[in-house]
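Values below: all heavy atoms of this structure, side chains included; hydrogens, waters and symmetry mates excluded. To find a chain, count down the sequence lines: A is the first, B the second, and so on, and within it residues start at 1.
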Amino acid sequence: MAVALVALALVALPLVGLLQRAPWTALPGLLGRPVVVDALRLSLGTSLAATGLSVVLGVPLAWVLARAELPGRRLVRAVVVLPMVLPPVVGGAALLFALGRRGLVGQWLDQHFGILLPFSPAGVVVAQTFVAMPFLVVSVEAGFRAVDARFEHAAATLGASPWTVFRRVTLPGIAPSLAAGAVLCWARALGEFGATITFAGNLGGRTRTLPLATYQALQSDRGAALALSLVLVGVSLAVLLALRDRWFGAAG
Amino acid sequence: MSLDVEVAVRRDGFGLDAALVVAEGETVALLGPNGAGKTTLLGAVAGLVDLEAGSVVLGAKVLTDTAAGVAVAPERRSIGYVFQDGLLFPHLSALDNVAFALRCRGVRRAEARRRARGWLEQLGVGHRAGARPGALSGGEAQHVALARTLAAEPAALLLDEPLAALDVAARDRTRAELGRHLTGFAGPRVVVTHDPVEAMLLAQRLVVLEDGRVTHDGAAGELTRRPRSAYVARLVGLNLYRGSVRSGRLRVDGGGELVAAVGAIGSIAGPALATIRPQAVALHRDRPDGTPRNVWPVTVAGLHVHGDRVRVQLAGAPDVVAEITPDALAALRVAPGLDVWAAVKATDVDVYPDLAASPSGSAPERPRSCAGRSP
């Protein structure tokens, strides 16, 4: 019992500290500062782009993992979820080696298309997608597994083409998993720090996202840091609220 | 347009080797115990199950032919399939479920919904058009599922245990309506069921599938009179014996002999089957004298009430199930473990040739030689 209280305190106290120091009255002014506005705008744009990219790429990947006859499926799945357990900084470094100006693929992108991902907003999106997409894939793969394939068979016998079956039967079946996975993916992308700063740097207005700006502000402008933190706490709570049925429904 | 099916399916430990021909406008009931391969056979016809070998031909159209490498996709087969629990799409209303089939055929949305409503009306569930499948009763869902399948205007119709999900009251009513709709459908029809009454009410011909093989194919009367397998005998409540006829007697596989009326058995030699109605088996405490030609000692193995009669399971050579009145039960003081005499008149033993057990021995032998209704 006592240990449990200590554990709870360990989780709850920092949040209490943050809220206790929050400059509630000055908050509107703080949120209007260019540092904050820039970070907010950049973070919203990149995290939504990363979520979109994760949906576009992650849903087919989840489908393959759930349905396709795939040799070495376990290995593929392990690779896919690796970013969930990999230290983000290492992920960022790996991205740099792969997609940097001298990187394996980056070199080629630069030469043939003149695309330079590192230290650009696009690089932020790539870093966030790298870290956040596994959350979507895992959720959607479970969704695909839960859809009764017999519904798809029924649709086929009614004359539905494979694409129609996917669009009108499978997709509605995985909709709850897709929504939950996308929300989780977005929250993870929004909070991404390590991979972003390693791969995309910390350039104000270009790659300085909310978490980076918070860290930066902590050294010079505590008020702004607090305001930024509160925004992220607010988002986290909203995500919890949105997913409460999914996570806490069974436990009551 | 007839449906001509001959399929072999192998799947982890299970094998299906079955042939089935259904004529235009004919309903065939596919009967069989669980796991016999009934649903797999329907799946093979609908193109949902991969064949090891075989062909599916509907009219002039070859749907599957493994030898020629033909495998038409399920959505291009024109084979309507009503799945066991209806399988209505849970996220669509009853109306949109039916409209789905029409939309797949390129009908425009408004027109599809108009025609879907017509189908629902025709099946008597027009008032439930707006309901989600979860809100429908079992009978309503079954009607919507049938409407959805018919709306696709298939050339043949497969129904997998269409009444299994219904309660007893709904089943009787729905069965009659289903029979009407089946008769109204022009193409070949196959209904899977494990209820012999349902099979006889809905179909003109019964096909029995056991362990992935067809063990009976014929009219209902033939099936009930002269079963060819333990499963069917149990289904219709007869004692079935497999053995061989030698000098006017049936030597039962597994022990025992049966004597039949001379006229019935005289023309038979070799592998044969015999049935005895449980009502024709008399029980005696002491060895009876007189007319019955078949008398043998048995031990009571079990009792259970069956309507206003009592079914007595008896172990002996051979085993037999007797059906006696409660009065007879009381008079004999029958109880499990008791040794009694079973007596059956020769005229009550129906012997017929076992065509499946031809000398080539191609058909599998059933391990059990006797079957009464099991408790």
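At distances below 3.5 Å, at least one donor-acceptor pair connects side-chain atoms of B:His91 with backbone N or O atoms of A:Arg168.
To the nearest 0.5 angstrom, B:Leu87 atom CG is 4.5 Å from A:Arg150 atom CZ.
Residue A:Ala175 does not touch chain B at all, counting heavy-atom pairs closer than 4.5 Å. Using a 4.5 Å cut-off between heavy atoms, B:Leu92 contacts chain A through its side chain alone, with no backbone atom that close. Heavy atoms of B:Phe100 lying under 4.5 Å from chain A belong to its backbone as well as its side chain. Only the side chain of B:Asp85 comes within contact range of chain A, with heavy atoms under 4.5 Å apart. In this structure, chain A has heavy atoms under 4.5 Å from both the backbone and the side chain of B:Arg148.
Taking every heavy atom of both residues into account, A:Leu158 and B:Cys104 meet most closely at O-CB, 3.8 Å. The minimum heavy-atom distance linking A:Ala160 with B:Glu75 is given by the pair O-CB, 3.3 Å.
Under a cut-off of 6.0 angstrom, the local environment of CZ in B:Arg109 is sparse, with at most 12 non-hydrogen atoms contributed by other residues, nucleotides or ligands. Counting heavy atoms of neighbouring residues, nucleotides and ligands inside a 6.0 Å radius, atom CZ of A:Arg41 does not exceed 12 of them. Heavy atoms from other residues, nucleotides or ligands lying under 6.0 Å from CZ of A:Arg167 number more than 12. Remark: B:Glu6 CD is loosely packed, at most 12 non-hydrogen atoms of other residues, nucleotides or ligands lying under 6.0 Å away. In this structure, A:Asp148 places its CG atom where more than 12 heavy-atom neighbours from other residues, nucleotides or ligands lie under 6.0 Å away.
Side chains of A:Thr157 and B:Ile79 form no contact here, defined as non-hydrogen atoms less than 4.5 Å apart. A 4.5 Å side-chain heavy-atom check between A:Pro172 and B:Phe89 finds every atom pair outside the cut-off.
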Are A:His153 and B:Tyr81 close enough, and set up right, to give a side chain to side chain contact (heavy atoms under 4.5 Å, CB included), and what steps lead you there? CA-CA 9 Å; A:His153 288 162; B:Tyr81 193 154; over 6 Å; no
